[in-house]
Amino acid sequence: MNEYMNMIETVLKDSNPLKLILKGWMEEGVGVVAVVYATTDSNKARSRIEELISVVNDDSYYMVYSVPFDVDLTQIGHYPSIAISKEDFK
């Protein structure tokens, strides 16, 4: 399993209840990030991320985040975001 898939698996197994799938892509030279799926079911999140990354045929990048409820996410160590560069889309 590569590092990318290891990161996804780690997130899917952690105890935070909400799983978010974010999509990052370049649009007219600008990096765009959007939440494309949200669930409290790790198995549904796993199925959806596997489906999304299996059919990527454009310059998109997906990542799963696991977050707690009722928390200011900016106050935790790492919150849902994607730093993207052209190398991520290769």
Side-chain angles (χ1 to χ4, degrees):
M1 196 180 300
N2 65 31
E3 184 178 343
Y4 174 67
M5 293 308 294
N6 283 335
M7 286 189 301
I8 289 173
E9 194 58 34
T10 298
V11 171
L12 290 171
K13 289 180 178 178
D14 83 13
S15 63
N16 289 319
L18 183 61
K19 308 305 182 198
L20 299 174
I21 298 176
L22 280 67
K23 175 183 179 182
W25 72 97
M26 298 297 291
E27 190 171 293
E28 297 179 14
V30 175
V32 180
V33 176
V35 175
V36 296
Y37 192 77
T39 185
T40 56
D41 185 320
S42 292
N43 292 322
K44 287 181 181 179
R46 180 179 284 106
S47 293
R48 187 65 183 136
I49 190 71
E50 287 173 356
E51 179 184 343
L52 288 167
I53 61 179
S54 73
V55 297
V56 172
N57 58 4
D58 58 7
D59 287 340
S60 298
Y61 179 82
Y62 293 94
M63 184 48 69
V64 181
Y65 286 88
S66 183
V67 296
F69 292 127
D70 303 318
V71 171
D72 178 354
L73 298 177
T74 64
Q75 300 302 306
I76 61 177
H78 186 68
Y79 52 91
S81 60
I82 298 176
I84 55 177
S85 67
K86 287 196 178 253
E87 290 77 34
D88 291 324
F89 300 110
K90 293 181 181 179

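All values derive from a computational prediction rather than experimental measurement.
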Got a second to check how far Leu52's CG is from Met63's CE, nearest 0.5 Å? 12.5 Å
Any donor and acceptor pair, going by atom type alone, linking the side chain of Asn16 with main-chain N or O of Leu18 inside 3.5 Å? no
Taking the side chain as everything from C-beta on, heavy atoms only, tell me whether Asp59 gets closer than 4.5 Å to Trp25. no
Once rounded to the nearest 0.5 Å, what's the spacing between atom CD1 of Ile49 and atom OH of Tyr62? 8.0 Å
Minimum heavy-atom separation for Ile53 and Tyr4, please, with both atom names. CG2-OH, 3.3 Å
Looking at Thr40 and Pro17, would you say the former's side chain and the latter's main chain have a donor-acceptor pair under 3.5 Å? no
Gap between atom CE of Met7 and atom CE of Met5 - 0.5 Å precision: 10.0 Å
Is the backbone of Ala45 close enough, under 3.5 Å, to the side chain of Thr39 for a donor and an acceptor to pair up by distance? no
For the side chain of Ser54 and the backbone of Glu51, is there at least one donor-acceptor N/O pair under 3.5 Å apart? yes
Closest non-hydrogen atom pair between Lys23 and Ser60, with its separation: CE-OG, 3.1 Å
With rounding to the nearest 0.5 angstrom, report the CG to OG1 distance, Asp14 to Thr10. 8.5 Å
On a heavy-atom basis, the closest approach of Leu12 and Lys19 is O-CE, 3.8 Å
State plainly whether one hydrophobic cluster holds both Phe69 and Val11, where clusters connect Ile, Leu, Val, Met, Phe, Trp and Tyr through side-chain heavy atoms under 4.5 angstrom apart. yes
